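What follows is a single structure, written as structure tokens, with notes after it.
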Amino acid sequence: MALAVGMRVLTRALHRPWARGLRVAPGRTGPAAGGGDGVRCFGSPRVLVEPDPAAGVAVVKMRNPPVNSFSLEFLTELLISLEKLENDKTFRGIILTSDHPGIFSAGLDLTEMCGRKPEHYMEYWKAVQEMWLRFYLSNLVVIAAINGVSPAGGCLLSLTCDYRVLANNPKYTIGLNETRLGIVAPFWFKDMMVNTVGYRTAERALQLGLLFPPAEALRVGVVDQVVPEDQVQSTARSVMAQWLAIPVCRPGVQNQGLGRAVLSPEALGEAPSCLIQPLAAPDDPWPLDASRQSAFPPRGLPACLCLQAPLFLSLVRTLVGFGVHPKSKRISS
Ligand SMILES: CCC/C=C/C(=O)SCCNC(=O)CCNC(=O)[C@H](O)C(C)(C)COP(=O)([O-])OP(=O)([O-])OC[C@H]1O[C@@H](n2cnc3c(N)ncnc32)[C@H](O)[C@@H]1OP(=O)([O-])[O-]
């Protein structure tokens with residue numbers, strides 16, 4: 001059984017051209033982010049780091065096939081890469097992008113959230129929150145070079161960044177589309193959106209689960225800049241230069257201050273432990289109605305997710321017990 005699953009994963013990876021990067025051993029040398037030769041790339045199977053020490057910048061490329069979803073392994077590797085860069089005084093900024101143009105990230109890995117033991121959900125949820133907090137509060141400047149579609153958690157990750165550059169491709173939509181899946185976005189997803197686009201736009205966007213195409217994303221302010229696809233990296237680097245020209249551009253001062261304005265003190269103080277507490281009993285099974293069934297799971301997801309949908313939804317409700325039913329007012333100031 002395990003062999004069959006392994007063969008399937010391997011076959012899929014080999015048939016996906018962008019997965020070829022996975023065969024590159026960490027530690028390879030290659031062109032640096034800035035174009036220089038012979039700089040040592042590092043990272044892990046799912047996260048490639050292309051350092052440009054001269055500029056003090058590293059390009060962090062997500063490469064978790066097929067859709068850069070946030071599996072536990074991926075989140076762990078991403079955080080390790082972030083920590084390594086934060087601890088290396090050479091670097092002052094990172095550009096976060098996808099190694100697979102077309103998909104920035106599909107967000108949380110739905111397969112992590114069904115058919116597992118309760119402890120796994122806790123561990124997974126903690127990792128998701130840690131990703132959010134660690135990127136949001138990082139002492140590095142983080143610019144998102146969004147080169148693909150970016151729904152839900154993918155959008156959240158980009159919202160933790162200081163600046164978002166989106167490739168101008170109508171397929172590259174971005175937003176918190178959780179309600180379309182019958183999921184309520186946790187309050188900290190909501191807070192990031194409110195903080196970025198303002199209350200009314202966030203309210204409508206979350207209620208309708210809007211995924212904004214580039215022009216619209218720029219208009220409402222989910223992203224800061226929309227540029228031709230082949231200029232995403234160069235634009236991100238120019239923006240980074242502006243940030244790095246400021247002597248103290250990110251550390252603590254601004255970020256912690258803003259963070260406190262956005263988050264409750266408890267959330268910031270003891271994030272993982274207080275946020276992963278299930279705050280509501282799973283007494284409301286929140287059965288799927290017909291409209292949710294048609295929206296879930298997204299096209300292409302394993303059939304088991306269909307069968308597991310009610311379980312998944314009740315688990316998510318438990319895990320994010322602070323969410324409320326989508327039909328009631330979801331955004332509190
Ligand atoms: C808890 C509250 C907060 C929740 C936050 C979230 O982030 S919730 C998340 C909200 N996220 C979304 O709503 C995004 C849902 N995904 C999509 O809309 C599309 O997949 C896409 C537009 C990202 C890529 O389109 P495309 O035509 O290029 O690709 P494709 O569609 O053919 O899929 C390829 C393979 O990837 C698989 N897979 C896909 N997503 C996920 C996932 N999240 N996880 C795991 N697996 C996923 C899919 O099953 C398929 O597997 P197969 O059959 O090869 O074994």
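Everything numeric here is computed off the predicted structure, so don't read it as measured data.
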State whether a side-chain donor-acceptor pair under 3.5 Å links [X] with [Y].
X: Asn68; Y: Ser105; value: no
X: Gln225; Y: Thr235; value: no
X: Tyr121; Y: Glu112; value: no

To the nearest 0.5 Å, tell me how far [X] [atom1] sits from [Y] [atom2].
X: Leu210; Y: Thr173; atom1: CG; atom2: OG1; result: 10.5 Å
X: Lys61; Y: Ile94; atom1: NZ; atom2: CD1; result: 14.0 Å
X: Leu166; Y: Phe104; atom1: CG; atom2: CZ; result: 10.0 Å
X: Ser44; Y: Lys84; atom1: OG; atom2: NZ; result: 7.5 Å
X: Tyr172; Y: Ser150; atom1: OH; atom2: OG; result: 12.0 Å
X: Met62; Y: Leu48; atom1: CE; atom2: CG; result: 12.0 Å

Close side-chain approach of [X] and [Y], heavy atoms under 4.5 Å:
X: Val67; Y: His100; value: no
X: Ile146; Y: Val165; value: no
X: Lys171; Y: Val149; value: no
X: Glu229; Y: Asn168; value: no
X: Val223; Y: Ile174; value: yes
X: Val222; Y: Thr196; value: no
X: Phe189; Y: Val184; value: no

*Please step through side chain to side chain contact (heavy atoms under 4.5 Å, CB included) for the pair Leu82 and Leu140, ending with a clear verdict.*
CA-CA 9 Å; Leu82 177 67; Leu140 297 170; 4.3 Å; yes
*Are Glu203 and Lys190 within salt-bridge range, i.e. N to O under 4.0 Å?*
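Salt bridge flag = no for Lys190 with Glu203.
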*asked:* Less than 4.0 angstrom from a charged side-chain N to a carboxylate O is my criterion; do Glu216 and Arg219 meet it?
replied: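 Yes, Glu216 and Arg219 are salt-bridged.
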*Under the side chain to side chain contact (heavy atoms under 4.5 Å, CB included) rule, what do Leu78 and Phe70 come out as? Steps first, then yes or no, please.*
CA-CA 10 Å; Leu78 188 63; Phe70 300 161; 5.7 Å; no
Looking only at heavy atoms, what is the nearest atom pair of [X] and [Y], with distance?
X: Tyr124; Y: Ser71; answer: CE1-C, 4.1 Å
X: Pro45; Y: Arg63; answer: O-NE, 3.1 Å
X: Ala58; Y: Val49; answer: CB-CG1, 4.0 Å
X: Ala202; Y: Met193; answer: CB-CG, 3.8 Å
X: Pro51; Y: Cys41; answer: CD-CA, 3.8 Å
X: Phe91; Y: Asp52; answer: CE2-N, 4.1 Å

Under the 3.5 angstrom rule, does the side chain of [X] hit a backbone N or O of [Y] as a donor-acceptor pair?
X: Arg92; Y: Val57; value: no
X: Ser98; Y: Ile103; value: yes
X: Thr201; Y: Val220; value: no
X: Arg164; Y: Ser158; value: yes
X: Asp162; Y: Val142; value: yes
X: Ser238; Y: Ser234; value: yes
X: Thr179; Y: Leu206; value: yes
X: Glu77; Y: Arg46; value: yes

*Verify the cluster assignment for Ile80 and Met131: are they in a single hydrophobic cluster under the rule of side-chain heavy atoms below 4.5 Å apart?*
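No, no single cluster joins them.
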*Would you say Leu218 and Leu211 are hydrophobically clustered, going by side-chain heavy atoms of ILVMFWY under 4.5 Å?*
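Cluster IDs for Leu218 and Leu211 differ.
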*For Val232 and Val227, run side chain to side chain contact (heavy atoms under 4.5 Å, CB included): C-alpha distance rounded to whole Å, both residues' side-chain angles, the deciding distance at 0.1 Å, then the answer.*
CA-CA 6 Å; Val232 173; Val227 299; 3.9 Å; yes
*Can you check whether Trp243 and Tyr163 have ring centres sitting under 6.0 Å from each other?*
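Yes, the ring centres sit under 6.0 Å apart.
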*Under 6.0 Å between ring centres, would you say that holds for Trp125 and Trp132?*
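Trp125 vs Trp132: aromatic centres not under 6.0 Å.
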*Are Cys161 and Leu96 close enough, and set up right, to give a side chain to side chain contact (heavy atoms under 4.5 Å, CB included), and what steps lead you there?*
CA-CA 9 Å; Cys161 300; Leu96 183 64; 4.3 Å; yes
